[in-house]
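The structure appears below as structure tokens.
This structure is a prediction, so every number in the text was calculated from the model and none was measured. Both ligands and their constituent atoms are indexed starting at 1 by order of listing. Sequential numbering from 1 along the given sequence is applied to the chain's residues.
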Amino acid sequence: MRLTRIALYCSLFAAILAPFAQSADSDIRMNTLGFLPDQVKEASIAVPCDRFSIHRADDDAMVFEGDIQNSVYNADTAETIALANFSELRDAGRYYLKAEGVGRSAEFAIDPALYNQPYYTVMRGMYLWRCGTAVSGEHDGHTYAHQACHVNDAYLDYVDGGHVLQDGTQGWHDAGDYNKYVVNAGVTVGTMLDAWFLFGPRISQIGLDLPESDNNIPDFLDEIRWEIDWLLKMQMDDGRVYHKVSTRAFGGFILPERETTPRYFTPWSSAATADFAAMTAMAARAFQPYDDAYAVRCLNAAKLSYNYLAEHPQNVNADLDGFSTGAYQTNDSDDRLWAAAELWRATGDDAYLQDFEQRARSINNKLDVDWGWGNVKNLAAYSYLLSDASGRDDAILNDVKNDLIRIAGQIVKTRDGHGYRRPFANYYWGCNGTVASQTVTLQIANLISPNDEYRQTALDAIGHLVGRNYYGRSFITGVGGNPPMNPHDRRSGGDTVREPWPGYLVGGGWPGAKDWLDRQESYQTNEIAINWNAPMIFALAGFIEPESSSLPGSLQKAMTR
Ligand code: 9MR
Ligand code: ZN
């Protein structure tokens, strides 16, 4: 992504011409992709305004005119936001918004298939994250590629094996760095497989153009298998699971095949072991219809790790002495809860159910608004709730349901109070991922107790992440209007393509809403990570339009395959 001299001249030229072009006004902030025909359609305008109109992009014809009905004070950016509502407009097409005395927005679409292409791009982001193989992908006229990387994963020095290599290849790079961490794989694979179990029929409509696309397994599962195959190599003979494969220190901004510093297995942790059991149990359930032998292998691996933990109930953190890369240390109680739930789902065995329920009884809130790699309690609760098996304890089941509805209500309320309709109140490292993960709770709540507000709020979460925010910019590389250009991503920094690798949600504002920096060095606000992409995938997968005729070429082909 070197800024070449020509690029520099081009951008200077563009800056000089800008005042003469029909440029979008930065005070008008909205979902830069647009809207589904049947959803609430709102834009946030960050300056006083009374009237607005919507125009067709091709001939400027006015198709909607309205007054600003509602203004809210948005505390986290200290702005008064005028809300322009044009929900009545439902006709598919391309439009722009004109706010009287303010200016006009960029073009946006009303399209039932609005999220098909973004879903494809964000899922392809997972493929492009593959380690241990060469990858290549086209996006917007650029080719993003690297050679087979980290083919020597990894040494056993830190796990009493001496300076000896053992196969720990495959998996996804974690983030902007190239290391591989089991705990972060946990919430990532868990969220993605939940998307599969909930939206499988929609997801299957969109091919991912993977090396495995011609096999008999859905592409979505092929992609997850790349990670599971690595995970299976992280398990020791007795069931314990190594915490990570990593260099000792973070490497430079070079393509991954050029990173030849030795990488090591690190000692195990009980959280990684429990997450491993949960993931492989879920994988067994997902792969069973397509590859029975693989499903059996996954389930046996899950049981081995579960049994080890059952005999060793104490929490064990990984000994990461000698490593300054990601830690992902977390107490294992929620991870064990999740493992129990998933082993029960996969087997129907009462012993796992008893384990889950005994643990669940001692937890006050069965779900949280804020969950992620350090707290996977929600994944356990969703799984318990969505089972159709008998035998669950009525009292626990009711508690979980009530907590789900309570939490979903809280998420909707947070959204209602926010000028950019952000359904999550906090800002921290990676909070954009948590905004996206609100859609998991909302979608499941909508299944259990249908309420259109849940669905609308899930759409608002997406809307916020693709432009309805303080910056008026999409937070996903290569997707939507004015997306991040300088993510903290070693491939984007290490190749010669000016645009960053596409399909990645960046971390977001930290410590506050106005503290996002589109700068490569800002790992606290502009890094990318598998555990943030996964809920973004979930969010978009929920709105894939299966019956669409407006799919882009390769997607259309995939559907007829
Ligand atoms: O996402 C992680 C965040 O919750 C932590 O606060 C932060 C500091 O420990 O680490 C983040 O995870 C990073 C990981 O440690 C290494 N790979 C990049 C991850 C995203 O920044
Ligand atoms: Zn690699």
Vertex the Zn ion (ligand 2), ends H173/NE2 and C131/SG: angle to nearest 10° comes to 100°
Is it the case that the side chains of [Y] and [X] hold a donor-acceptor pair, with the cut-off being a distance below 3.5 Å and no angle test?
| X | Y | answer |
| --- | --- | --- |
| D219 | Y127 | no |
| R345 | S383 | yes |
| S246 | T325 | yes |

Please set out all donor-acceptor pairs under 3.5 angstrom arising from side-chain atoms of residues 132-141, sequence neighbours excluded.
| residue | atom | partner | partner atom | Å |
| --- | --- | --- | --- | --- |
| E138 | OE1 | T143 | OG1 | 3.2 |
| E138 | OE2 | T143 | OG1 | 2.8 |
| H139 | NE2 | G478 | O | 3.0 |

Just do the salt bridge (charged side-chain N to carboxylate O under 4.0 Å, His left out) check on E257 and R491 with the steps written out, would you? CA-CA 10 Å; E257 65 269 30; R491 297 161 307 169; over 6 Å; no
Of all N, O or S atoms in H150, identify the one at the shortest distance from the Zn ion (ligand 2). ND1
Students should find this: residues with any non-hydrogen atom under 4.0 Å from ligand 1. What is the answer? D174, A175, D177, Y181, G326, Y328, W373, W429, E527, W532
Below 30° counts as parallel, above 60° as perpendicular, anything between as tilted: where do the rings of H150 and Y178 land? tilted
Could you tell me whether D403 and R406 make a salt bridge, using a distance below 4.0 angstrom between a side-chain N and a carboxylate O? yes
